[in-house]
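The chains referred to below are lettered A, B, ... by the order of the sequence lines, with proteins before strands, and numbering in each begins at 1.
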2 protein chains.
Amino acid sequence: MDDNQSLGQRVFHRIREDILSGKYGKDEELKEKTIGDELGVSRTPVREALRQLELEGLVTIIPNKGAYVVGFSAQDIHDIYEIRSLLEGLCARWAAKRATPEQLEALEEIMMLSDFKVQRGHFDQLVELDNKFHQQLYEASGSKVLEHVLRNYHHYVERARKMTLPVPKRSVESNEEHRQILAAIRDKDEDQAEVLANRHMMNTIQNFDRLYLRK
Amino acid sequence: MDDNQSLGQRVFHRIREDILSGKYGKDEELKEKTIGDELGVSRTPVREALRQLELEGLVTIIPNKGAYVVGFSAQDIHDIYEIRSLLEGLCARWAAKRATPEQLEALEEIMMLSDFKVQRGHFDQLVELDNKFHQQLYEASGSKVLEHVLRNYHHYVERARKMTLPVPKRSVESNEEHRQILAAIRDKDEDQAEVLANRHMMNTIQNFDRLYLRK
DNA sequence: AAGTGTATAATTGTATACAAAAATACACGT
DNA sequence: ACGTGTATTTTTGTATACAATTATACACTT
């Protein structure tokens with residue numbers, strides 16, 4: 001792991017993980033001193049982290065009172081996927097319009113690696129490549145703003161994805177959908193790229209719901 | 001203004017305003033001590049604010065080096081409006097599906113007030129009501145996540161809106177569009193609500209572009 | 001004059017100290 | 001027993017102190 005980042009950032013990521021993983025439950029109070037002692041740091045970096053987490057919506061801070069974990073439900077994750085569905089569509093559309101040759105090349109490379117991993121049955125390593133594909137797509141949209149919001153959401157549901165993608169069947173399907181999206185972008189077919197990216201996310205939702213909402 | 005919030009939050013809002021208003025230009029270095037001295041506070045609240053601003057994408061922090069203003073262009077604002085167009089559409093759709101009677105009532109009330117202000121020609125006071133209408137709509141979506149992201153963007157472009165909405169003609173149009181969206185929500189016509197909210201935002205984009213991108 | 005190395009200053013990162021507010025404990029009166 | 005007021009403790013908010021890192025100045029060499 002990247003070790004030369006500031007304590008504040010490390011604490012931020014750590015607490016976020018602990019919230020997303022459920023270590024800290026809904027409405028639990030996060031005390032600066034307690035967390036600081038646990039992580040072996042002073043209150044200062046912890047405070048910074050908590051303030052950041054509030055902005056992410058994972059924590060509510062009541063002034064002079066404390067920081068409380070904002071619970072997030074399976075419904076919330078579902079909502080995020082729906083939002084992402086729209087935004088990934090827009091992203092694919094813009095990528096089709098403005099991706100540079102280098103960005104396209106990067107996408108092709110990730111695609112090739114993914115195919116390789118699928119062939120070899122290394123489904124676990126596909127999670128990381130799925131990450132990379134989407135991140136690269138965000139960059140290819142050419143929009144700083146869109147990239148920023150999608151990155152956020154992407155990370156938000158990372159935990160959910162880690163649990164759902166390793167289902168081998170879905171993983172192969174997902175890879176196939178990536179291929180089609182990439183083809184549409186290569187052809188500069190904006191409408192098609194948007195529709196496919198949209199559908200890709202909707203399929204991911206279904207997969208998630210099947211596992212967690214039992215619909 | 002709300003005065004009983006923490007210094008950190010006040011500094012956060014202040015610096016954000018100063019970035020959005022252009023007081024701090026692109027790539028400008030924000031030094032903790034300098035800002036602290038200007039605002040009459042110590043470095044601690046300033047640091048907290050800068051860490052939060054980084055998360056919002058307004059500032060880049062290079063560890064051990066400094067915080068730098070991330071410039072945002074008219075293109076960025078345009079992008080935000082396009083993103084909002086999709087999300088406001090989704091929001092209206094969900095509001096049509098799940099708005100409570102109380103939330104509907106609140107929307108009706110804002111609508112009525114807006115009509116009144118239009119009739120009287122008090123276009124300046126419509127900005128605030130436009131705010132309220134959208135904020136209430138976000139709440140009516142029943143999705144914490146969607147509400148969160150839309151609030152963010154809404155505030156982000158607040159400055160742009162303050163400059164574009166007071167154009168009386170647009171202001172009347174906008175009010176009319178709100179009325180139609182509200183009607184669709186009242187009728188629980190999800191598709192119609194989405195389309196109208198979508199179009200509403202697209203019209204806002206056009207108004208913005210006409211003024212700032214000269215298209 | 002250009003480049004290099006080193007001392008110095010400025011700036012950020014973290015911990016700690018102190019102030020303010022809130023939570024808790026507990027004696028007291030009813 | 002129950003509420004109430006007060007003292008005590010805990011926790012947050014802010015400032016400051018010190019450490020680590022980076023930027024700057026400047027003498028020195030070539």
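To the nearest 0.5 Å, the span separating CD on B:Q136 from CG on B:L129 amounts to 12.5 Å.
Atoms CD1 (B:I62) and P (C:dG13) sit 11 Å apart, rounded to a whole Å. Put simply, CD on B:E29 is 10 Å from C1' on D:dA23, counting in whole angstrom units. The CG atom of A:L39 sits 15 Å away from the C1' atom of C:dA15 (whole-angstrom rounding). When the P atom of D:dT12 is taken as reference, atom CD1 of A:I35 falls 9 Å away, rounded to whole Å. Taking atom CD on A:Q9 and atom C1' on C:dT12, their separation rounds to 14 Å, with Å as the unit.
Residues satisfying the salt bridge (Lys or Arg N to Asp or Glu O under 4.0 Å) test with A:E108, not counting sequence neighbours, are A:R186. Listed by chain and number, the residues in a salt bridge (Lys or Arg N to Asp or Glu O under 4.0 Å) with B:E109 amount to none (sequence neighbours excluded). For B:L39, the side-chain contact (heavy atoms from CB on, under 4.5 Å) criterion is met by B:V11, B:R14, B:I35, B:V41, not counting sequence neighbours. Applying the side-chain contact (heavy atoms from CB on, under 4.5 Å) rule to A:K33 yields the partners A:D37; only residues at least two apart in sequence or on another chain are considered.
The stretch residues 45-54 of chain A comes close to DNA chain D through A:R47, A:R51, each having a heavy atom under 4.0 Å from the strand.
The aromatic rings of A:H178 and A:H200 sit perpendicular to each other, their planes meeting at more than 60°, with 30° as the lower class boundary. Using cut-offs of 30° and 60° for the angle between ring planes, the A:Y156 and A:Y153 rings count as perpendicular.
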Show each protein N/O and nucleotides 16-22 of chain C N/O combination with a separation under 3.5 Å, one pair to a line.
unit_1: C:dT16; atom_1: O4; unit_2: A:T44; atom_2: OG1; d: 3.4

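In terms of position along DNA chain C, the nucleotide closest to B:T34 lies nearer the 5' end than the nucleotide closest to the other residue of the pair B:T34 and A:G40.
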### Message
Does B:E82 form a side-chain hydrogen bond (donor to acceptor under 3.5 Å, both in side chains) with B:H78? I'd like the steps, not just the answer.
### Response
CA-CA 6 Å; B:E82 283 225 34; B:H78 180 98; 3.2 Å; yes
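With respect to the salt-bridge test (charged N to carboxylate O, under 4.0 angstrom), the residues A:D115 and A:R179 qualify.
Put simply, B:K33 has no side-chain N or O that comes within less than 4.0 Å of OP1 or OP2 on C:dT11.
The residue A:L30 sits close only to the backbone: its heavy atoms come under 4.0 Å of sugar-phosphate atoms, none of a base.
Distances were taken from every side-chain heavy atom of B:K31 (C-beta onward) to each of C:dT11, C:dA15, D:dT14; the shortest belongs to C:dT11.
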